[in-house]
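For the numbers below, each heavy atom of this structure counts, side chains included, while hydrogens, waters and symmetry mates do not. What you see is a predicted model; the values in this text were computed from it and never measured. Here is the naming used below: chain letters follow the sequence lines, and residue numbers restart at 1 for every chain.
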Protein chains: 2
Amino acid sequence: MMSETVITGYPSGMGRWEPDAASRLLEAAMELYEKQGFDSTTVAEIAARAGLTERTFFRYFSDKREVLFGGSSGLTTLLAAEVATAPAEASPLEATAAALKSLGMLIEGQRGRDFVRRRSRILAQNPELQERELIKLASWTDALALALRARGADEQRASLAAAAGVAAFRVAFARWVSSDDPQSLPELIRESFHGLRELTGA
Amino acid sequence: MMSETVITGYPSGMGRWEPDAASRLLEAAMELYEKQGFDSTTVAEIAARAGLTERTFFRYFSDKREVLFGGSSGLTTLLAAEVATAPAEASPLEATAAALKSLGMLIEGQRGRDFVRRRSRILAQNPELQERELIKLASWTDALALALRARGADEQRASLAAAAGVAAFRVAFARWVSSDDPQSLPELIRESFHGLRELTGA
DNA sequence: GTGTTGATGTCAGTGACTGACATGACCATA
DNA sequence: TATGGTCATGTCAGTCACTGACATCAACAC
């Protein structure tokens, strides 16, 4: 999604201009957000550091925040597909758990924990960025609920399973990011769903 | 929270200027957001309709969105208090359910469903407003988790109960807003928590 | 009356974001 | 080797959200 071939339409090294504009903008933005904070960083600064202009920044990212969320747009499709391919006898919550575990594997593999931690540290310092993170999670919830309904779950059950599932994911993700010696993300997600089931019994 | 005495510091009708500046701004903003949409409404327009200036708008509300969320800042305190006063033998999820039911009663009584529906229709049309709504819910989640930990619940249990509880609230609230002939909000919340417990059993 | 207070107005500035148009390297094809 | 088209980028002017500094001016205290 953020690889050079997708973004520029040209294989790396063969572009007419310096390649990887989006990646360069992302790296420049993260460095500046880390060094001087999100608020104190202007888009013009980011663009200059990437060797581009402000206008070009906005051609790649819809706003100043979106540069940190570029990789997450295709994930709803993955979630829907995973729910659809879950065994027919799986309950809504089980199908949701399976889908989110797949997502966890993808996240772990795609960027690696170091990148994610770096990004999380930036998000933690700015409410506007947290808002954007939350709406991304909400879009996951919506996609999950829709896919569950397509499997025959009723509205309330689908919404609840999706929302509770994403809540479990959030908790697992937070542990994964903050722990010093973490288990794998899918494993933490499994534990989180286990805790969710225990909540109602105990 | 938005009554004239709190906002202006002067009882209604006794102010040195036209009273209820915040209420007037809120009403003006809602009318304009409804008529021409959030994006196409400028703060200057809102202020003019309320007989004030743009600068004064920003003295009452931190940004253009916040005017629709003014009433929600004190609610985290209520949630924490309700969790704290729940019976000692109540489980984390039970304490959460009790707190959110109280919140439901408050919401139903304070504004009434008509106002809430009107507001929801505006929020539904704008992603930026939805972001703000989500971060408000996230602050509820944090407050609940903190209060649950103070009751002795461990980190994961507290976070999960809070997140799953708020998820249940969201589902109930959505039903309450969208239904044509709704049950009471606390009743819908009760049902939503019931559905949550069933998710893990079925 | 005179001074203080607090809500409001005025004004200038910064920076996010947009639309319209210009540029200039690459590529295709003659 | 021209010549024209394509497309990422640059340039520029404009709107609007939001902020800090300072002015105003009705009410109230004394």
- [ ] Assess A:Arg119 against A:Phe69: is NZ or CZ under 6.0 Å from the centre of the six-membered ring, and within 45 degrees of the ring's axis?
- [x]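 So A:Arg119 does make the cation-pi contact.
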Task: Aromatic A:Phe173 / basic A:Arg170 pairing, under 6.0 angstrom, 45° off normal - done: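 Pair A:Arg170/A:Phe173 does not count as cation-pi.
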Open item on the list: We want to know whether A:Thr200 and B:Thr200 form a side-chain donor-acceptor pair, criterion being a heavy-atom distance below 3.5 angstrom.
Closed with: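 Yes, B:Thr200 and A:Thr200 have a side-chain donor paired with an acceptor closer than 3.5 Å.
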Open item on the list: Is it the case that the side chains of A:Gln156 and B:Glu191 hold a donor-acceptor pair, with the cut-off being a distance below 3.5 Å and no angle test?
Closed with: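 Note: B:Glu191 and A:Gln156 side chains miss the donor-acceptor criterion.
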How many whole angstroms separate atom [atom1] of [X] from atom [atom2] of [N]?
X: A:Arg132; N: C:dA16; atom1: CZ; atom2: C1'; value: 13 Å
X: A:Phe57; N: D:dA8; atom1: CZ; atom2: C1'; value: 17 Å
X: A:Leu52; N: D:dA8; atom1: CG; atom2: C1'; value: 10 Å
X: B:Leu25; N: C:dA7; atom1: CG; atom2: P; value: 14 Å

Open item on the list: Quick check on C:dT8: is either OP1 or OP2 less than 4.0 Å from any side-chain nitrogen or oxygen of B:Tyr60?
Closed with: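 So the side chain of B:Tyr60 is within the cut-off, an N or O lying under 4.0 Å from OP1 or OP2 of C:dT8.
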Task: Presence of salt bridge, B:Asp154 and B:Arg157, under 4.0 angstrom - done: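 Between B:Asp154 and B:Arg157 there is a salt bridge, with a charged N closer than 4.0 Å to a carboxylate O.
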Open item on the list: Could you check whether B:Glu31 pairs with B:Arg24 (Lys NZ or Arg NE/NH1/NH2 to Asp/Glu carboxylate O, under 4.0 Å)?
Closed with: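 No.
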Open item on the list: For nucleotides 11-17 of chain D, give me one character per nucleotide, 5' to 3': B if any protein heavy atom sits under 4.0 Å from the base, S if the only such contacts are to the sugar-phosphate, - if neither.
Closed with: B----SS
